[in-house]
Structure formats: structure tokens, C-alpha cells
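Letters A, B, ... are given to chains in the order of the sequence lines, protein chains preceding strands, and every chain is numbered from 1.
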Protein chains: 2
Amino acid sequence: MPDSILVGLNAVILAVTDETPRVLTLAGRDGRAGAAEPLQAAPGLDILPYGPLDPEADRTLELTLRNWVRERTGLELGYVEQLYTFGDRNRDPAGRAGDPRVISVAYLALVREGTPRGTERPRWRDCYRYLPWEDWREGRPELLDAEILPALEGWAGRAPTPAEESERRARIGITFGTGDFGWDAYRTLERYELLFEAGLVHESRPSDDGGRDSGLGHPMGLDHRRILATALGRVRGKLRYRPVVFELVPERFTLLRLQRVVEALVGIGLHKQNFRRLVERGGLVEGTGRLDTETGGRPAELFRFRPEVLLERRAPGLGIPGG
Amino acid sequence: MPDSILVGLNAVILAVTDETPRVLTLAGRDGRAGAAEPLQAAPGLDILPYGPLDPEADRTLELTLRNWVRERTGLELGYVEQLYTFGDRNRDPAGRAGDPRVISVAYLALVREGTPRGTERPRWRDCYRYLPWEDWREGRPELLDAEILPALEGWAGRAPTPAEESERRARIGITFGTGDFGWDAYRTLERYELLFEAGLVHESRPSDDGGRDSGLGHPMGLDHRRILATALGRVRGKLRYRPVVFELVPERFTLLRLQRVVEALVGIGLHKQNFRRLVERGGLVEGTGRLDTETGGRPAELFRFRPEVLLERRAPGLGIPGG
DNA sequence: CAGCATATGCTCACCTTGAGCATAAGGAAA
DNA sequence: TTTCCTTATGCTCAAGGTGAGCATATGCTG
């Protein structure tokens, strides 16, 4: 029965404003919404933009995505890359046996933040609203020691066998950085999946009947929080070896602003002088001679991206700690 | 018309024997083959294993893949990761207007080579049969200066505008390493796509009526050579930061053998002593005390993979040149 | 003018990487 | 037995990258 498979596209659209990484969400609907939303999100939960694939329409998947994002939100996407295809059964925690199989090809998109329009209440949300343990800019989040690690420790202790118990502890150590090595910003998905398995997020607690505050972080509909975690990990990794930050800042920017954008996404603070050295000596930017006097201190020079770097260097990214 | 979309899985199954990277191919069929092979490969062209997605069957896409690969080839897959989802129209160079839209979720799998069975003539093929310009182990392939670069230069010269002409030249420089920086082993896909655009591979020459030797390298059916190029690039990248080589070698191996496997995949020769230093000091392997006397020279110690490294180091891969 | 805030320049220790020299230990040839 | 060839293995060194911090510059505010 090939017709019981639905194919659609998901977009994780990221922007950074006010030193906060933001993702574009829609308000989940309350009733079945037909082909445009085949999986049913629990009422009131945020979801990622989703669109069906019209086999007759656009030539490529990416064009399809750009088109319906433009139509439904008014946003013109800049950088777009395919993220992952989610096609397992049980993607909807609230789903039932007869539900159709839904294959979602998820894309990551980076934009300069603008005001979205549309009837589905699109809005920019702080990414860390959904994944609060990922933000280490102010140091280790309290949530970790206060809630996450104790709860995970309990989960490890409930393992059926001693072997599995120590395996769980090892996984906790790697993904949450409690072992010899520290926090690895790129293991976003592994962390979410661990919390999911341990039943610490709303999506993996079927007993939760919609209470928004149960579980860690703010939930999303369907498996969209998993998709978001995948996307965040991907950008974090991508920043290292491709100059994608520049998709997120205006044409002219100060180096500190650029740094703040990177920090917002990676979730850790960076050494200012070294960041400057990296980005300047790496030929990623060039000064414009103009100054920004809004800094509050000594005026900062405004820089712009130097696209020629793409022709000169092999992997022109920002060597961010942990790589 | 959702039922005019077909969803299937493709597997790029890689192994290394005799210092040659190999991919498992099937012989393309001559007639329409129904759901099991919705896209029609040109007769006689090799194709990658393809299986439909049964929405009722396995819980996850990856399990589906493992199962039908086992059933159809007798191979038990080890390491598996999702590669990319190919869903554009015109995936079949020989396709026609009314063809259904086929979405293929492609997976990369690594195995220790075994003998495949099955009715579809599965066989291991040298990856460089299809992408001969990717093998730099014996130095720069002659094919490059003899055929590829002159042909690409011609293509650049035929650009409609001077701007596009210089853009083409820049792309050639980056992907084929003719510029200031050298060969970048990871740009496998970019190179294939450039050759495709330039009409230098069989798949992008509709006029070719099946002559096997027209175009560069050996063709594959549908867009499977593009999928293979994607896979090769992915393994090459993955080797850098994950210990996936060990999926391809027997439990005990000499360091030279390990190096040869890496070299086969990455397509370049490595400095022996440095490779040893990397792999030993990185804690990736441990000596077993046993010796291999088949070396032809001084016997080499047999090593084994040290899985604990996964708990100790952050990104335990092999820092291969170009990263 | 003092004090504050941010920008920007520079140094230094440490580590990694690329490359090569030198020695070890087998087998085969003389 | 000795020599030579082959591969294994150990070690060194220069060059460049990275993490961290000190010092100075330059605006604004009181």
C-alpha cells in the first residue's frame, strides 16, 4: 500500500537576534489538518513548518521547500541544506496504530531574522526554550546538576542488568561531559535522545496529558524537538568548517557582533582576541574602514565577509573549541 | 496525488579488500521491475541495491534496510548511517515525463567484505571504476591532465557570459585543486556534479546510446553514481573524526594494513610513521603482542581496536591531510 | 580630567602536524 | 655465514595552530 506513505518536508529555520538563537515555529493545530499536516500534534504544542511534497510541482526538493516557506511565512530562505530524513514509525508520541507512515525530509535553513507572516501563527522562538541544557554561555547550566544528572543517574540505576547500568553511565558521561573530557557542543542530538530514552522529556512520557511544564525544556509536537536538536548540532558542526555565520548577520558587522552570533549558536563563550585572530588572519572578513560608535566603548570597525576566501582556503570555518 | 510518489531505500555498501575500496552493485535489469525497482536503469548498467519501503513493516528505516539487504544479498551490515535523500525529478537520465516521482533515502554501510548471494548478480566493484579521478594513491591520475581538465576548460570557455566563464574556472579550481591549494579528497560529490554539469559523464549525455566507454569513468544506472560519490565523500570525512575504519578490518590487523584501508578510501598515500603515531598515541589501538610474519620484512605486531577510546576522547578519528 | 567600557595589538607556552633520519628484525641471496 | 632487501618501529625537528592572558587605544560619561 504505497499510498499509506505520506512524504513531506520540514524546515528548521534559524536566525540569531539579540544574541539569541531563534527557530521559526508554528502553533500546532487542534484538529486533523489534512495533507498539509498529516501528523497530529498535541494541541497547543509548537511545531516546525511542514509542507507536503507535490510530486508534480517543483523540480527539486529544495525548491519545493523554498517556495512553500515563502508562501506560508513570507520568508526568503538564504542558506539551505538537507538535514535528515525522519521516517520511523511512532514519530507521533500521541499517535495511534492506524496512522499513516509519514516520511519527513528535514532541511536546515539560515536567515537574517525578519518578520514572518501567515495564518498559522509563525513566530521566532529561542532555541534554548526547547533545549535549555544546551546553553553554556553563562557557564554550566544549573539545570544540569539540579535536575538532569540526578534524574539520569536514577535512570541508570534502574537498568535491568549491571552491564547495562554501566553502559548507561558511560553514555551519560560522554554525552553530558561528566567524564574526563568536558562538554561537547556538537552532541546535541545524542543528548536529546538520551533524555528521551530516559523518559525525561515530555515527548517520551505518554502519561503526561499536556502539562507544559512536565519534563525538561519546552516540548514540541510530534518528533520536532528531535529534529530541532539535529539541526542545532548540524549548525554547530558546520560553523567549524564553513563560513555559514555570515548568512545570519547583516552585510556589515563588528567582530564582537559576529562572535556573539557564533556563541549564541554554539552555546559557549569564546575568547575574544582569539576569535578576532581566527577570523581576521583566516581571511574571512575585511575591514570597511567605517566605525560603529554604538558600542559603548571605543568604536569598533565594521567588517564585511570576504567571499574570495572560498576560492583560497580549503575549509574556511571557525575552529571552535571541541574540534 | 500522493500515490504517484514512491519511497524506497538505497544502500551504498562499502568494503575494502586487497587495498581496493569496493561497493556492492547489482546488475541493472532490462524490463520494468515493479515496486522493487521503480526507476528503470539503462539495460546493463550497474546499480546500487534498492528496496521499497513497506509502511507496515519495520519500525525504523534503518531496520528495513538491514533486513532487505540480508534477504537479498546475505550480507549482515555493520556500521550504517543515513546519507542523503534523493528526491528531485529527472533522477533517471533515461526517464520520461510520465514517470512517477521516486524518493530514495540513501544509506551508507560499512562491512567486512564477504561473498554476497542473490539472484540479481550482486558483486563487489572497485569504487574507482566509477570515479577513477578520485584515486591519487599513485600520485595525480593521468586522466586529470589528459582528459578532465582540458574538457572542463573547454566547458568553461563555452560559458554564455564572461562572468559565468570565470565562475566556472573558479569552481574547477576549487573542486579539482588546480588553484593555490591542492586536492581536497572530501569534495567527491562536487567533482562528480561538476563533471555532470559539464556533460562529461555518461549520465549527463542523453545522446549517448549506451556506449559504455563514453564519458569519464564507468557509468551507473539512474543517479546512482551521484549517490556513490556522496557516499565516498562521506566516508572520507567520517574517517577524520570517528573510528569507522575498524568496521572494515578484521579483529586483528597490522598498522600497515589499517593504513592501507584508510588510504584506499581516502585515495591518497599517508606518511607511515605519522599514521602510526596518530593511531597509537591517540589510543585507538592496542598491541596484542602477537606478530604477523607474512609481511615480507620484519614481522609486524598485530593490533586490535580499543573501544574504550570512545569513552575517553572526544572525536577519535584519524586526522587525515586536508582537514 | 578621571574613570569606565569596549576595541585592538601582541606575546608566550603548549600541542599538533608534516617530514625525515635512524635503527630493528625478519627472509633471501651470495 | 654474511650481505642485502624489506618492512617495522622509534625518535627528532621545524613550522604552524591554539588557548590564555597582558597591554594599549579610543570612544563616552560624570
Whole angstrom is fine here: how far is it from [atom1] in [X] over to [atom2] in [N]?
X: B:L270; N: C:dG20; atom1: CG; atom2: P; answer: 15 Å
X: B:E19; N: D:dT7; atom1: CD; atom2: P; answer: 11 Å
X: A:F275; N: D:dG21; atom1: CZ; atom2: C1'; answer: 19 Å
X: A:R281; N: D:dT18; atom1: CZ; atom2: C1'; answer: 10 Å

Under a 4.0 Å heavy-atom cutoff, the residues of residues 286-298 of chain A touching DNA chain D are A:G297, A:R298
For DNA chain D, what residues of residues 253-261 of chain A have any heavy atom nearer than 4.0 Å? none
Output every pair passing salt bridge (charged side-chain N to carboxylate O under 4.0 Å, His left out) with a member in residues 248-257 of chain B, not counting sequence neighbours, ordered by first then second residue. none
Where at least one partner belongs to residues 277-298 of chain A, residue pairs that pass ring pair (Phe, Tyr, Trp, His ring centres under 6.0 Å), sequence neighbours excluded: none
Sorted by first residue and then second, give each ring pair (Phe, Tyr, Trp, His ring centres under 6.0 Å) pair with at least one member in residues 275-317 of chain B; sequence neighbours left out. B:F246-B:F305
[X]: side chain to side chain contact (heavy atoms under 4.5 Å, CB included) partners, not counting sequence neighbours:
X: B:Q82; result: A:Y84, A:T85, B:T85, B:V105, B:Y107
X: B:E193; result: B:L189, B:R226
X: A:Y241; result: A:K238, A:A315
X: A:R123; result: A:T25, A:R125

Which residues pass the ring-ring contact (aromatic ring centres under 6.0 Å, His included) test with B:W124, sequence neighbours left out? none
Show me the protein contacts with nucleotides 9-15 of chain C, counting only N or O atoms at under 3.5 Å.
unit_1: C:dG9; atom_1: O6; unit_2: A:Q273; atom_2: NE2; d: 3.3

Quiz: residues 278-288 of chain B side-chain donor-acceptor pairs under 3.5 angstrom, not counting sequence neighbours:
unit_1: B:E286; atom_1: OE2; unit_2: B:R304; atom_2: NH1; d: 3.0
unit_1: B:T288; atom_1: OG1; unit_2: B:R290; atom_2: N; d: 3.3
unit_1: B:T288; atom_1: OG1; unit_2: B:L302; atom_2: O; d: 2.7

Looking only at non-hydrogen atoms, find the nearest pair between B:A300 and B:T254 and report the distance. CB-CG2, 3.8 Å
